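Everything numeric here is computed off the predicted structure, so don't read it as measured data.
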Amino acid sequence: MSCGATAPVDGAAGGRLSVAIVLYHPQAELLRSTVDSLAEAARRAVVVPSLFLIDNGGSEAALAALDIPPEWPCRVYRGHGNPGFGAGHNLCLDEAGDVHLILNPDVELAADALAEALAFLDAHPECGLLAPAARWDDGRVQYLCKRPPAVWDLFLRGFAPGWLKRACDSRLARYEMRDVIGERVVWDPPIASGCCMFVRGEALRRIGGFDPRYFLYFEDFDLSLRLARLMKIAYVPAVRIVHHGGHAARKGRHHIQLFVRSAWRFFQLHGWRWI
């Protein structure tokens, strides 16, 4: 991998498009697929993105295996420890471009994803955050947009046994906005997922980026609600991704503790709803 100091592209802070990926012991194969899909999408969109790779730890081998187009301005952030997902993304906040893509290292973009996203944002200057249509790697729909949760919703979705989830499926369907998420653009979904967010860089700076008090989980919920006070959010099904991650409950006790801690902070800041 060749990745040096970032230079501006097209005259914006980080160019017309910048992309940030926070890494913490990433799976090398998934990260390479993410960057390869980004490269193909950038080629199709005829855009040269600025790429920010934020190494929160354990990423050396995965970074070395990347094949980054040599014409891309690129910067690797190292030596800051592990401040968390949101705080890691905030390291490049001042350099975010006109459009800033917040991207997980386990997301693959469709070949036309960047072209579709940039075209939509060009046509809709009122849109400050674009959420894509997502599928799991087995092809099932993944519902990234949400209505504001109650504590019961989070328990059902993340930790309930299968029989209880099935019994409460209508409740989960409402939380996951299954009644409106489909093949049409949906304006003003309250919450978008941080696994793949197209955000206007200036709007992101105006709200101060992610709240660093969330180490992991719910920082995207919080950012969505704060950004919606400034600009509109849109779900755009023409922008397609495959997301391989998720499932906090399957990642062990430490992730469950992080999830619960961040959920508590989210409800403290935005109001408690139990049922």
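- Residues Leu51 and Leu38 are in side-chain contact: their nearest non-hydrogen atoms beyond the backbone lie under 4.5 Å apart.
- No donor-acceptor pair under 3.5 Å is formed between the side chain of Ser18 and the backbone N or O of Ser50.
- With no hydrogens or angles considered, a side-chain donor-acceptor pair links Asn56 and His80 at under 3.5 Å.
- Below 30°, between 30° and 60°, or above 60°: for Tyr77 and Phe52 the angle between ring planes is above 60°, a perpendicular geometry.
- Nearest heavy-atom pair, Asp211 versus Arg226, reported as atom, atom and distance to 0.1 Å: N-NH2, 3.4 Å.
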Task: Steps toward salt bridge (charged side-chain N to carboxylate O under 4.0 Å, His left out) verdict (Arg171, Asp153) - done: CA-CA 8 Å; Arg171 171 81 185 228; Asp153 297 316; 2.6 Å; yes
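- Residues His243 and Glu108 have side chains that never bring a donor and an acceptor to within less than 3.5 angstrom of each other.
- The residues Glu40 and Arg43 are annotated as salt-bridged, a charged nitrogen and a carboxylate oxygen being separated by less than 4.0 angstrom.
- The side-chain tip of Arg213 does not point at the ring of Phe215 from less than 6.0 angstrom away and within 45° of straight on.
- Ring geometry for Phe266 versus His270: interplanar angle of 30 to 60°, hence tilted.
- Ile241 and Tyr143 fall into different hydrophobic clusters, where Ile, Leu, Val, Met, Phe, Trp and Tyr residues are linked whenever their side-chain heavy atoms come under 4.5 Å apart, directly or through other members.
- Checked against the 6.0 Å centroid criterion, the rings of Phe259 and Phe159 qualify as a close aromatic pair.
- Ionic pairing of Asp188 and Lys232 is present here: one or more N-O contacts between side-chain nitrogen and carboxylate oxygen are shorter than 4.0 angstrom.
- At a threshold of 4.0 Å, the pair Glu202-Arg200 does not count as salt-bridged, since none of the basic side-chain nitrogens sits closer than that to a carboxylate oxygen.
- Ion pairing between a basic and an acidic side chain is recognised when a charged N comes within 4.0 Å of a carboxylate O; Arg157 and Glu176 show such pairing.
- Under the 4.0 Å criterion applied to side-chain N and carboxylate O atoms, Arg174 and Asp169 are not assigned as salt-bridge partners.
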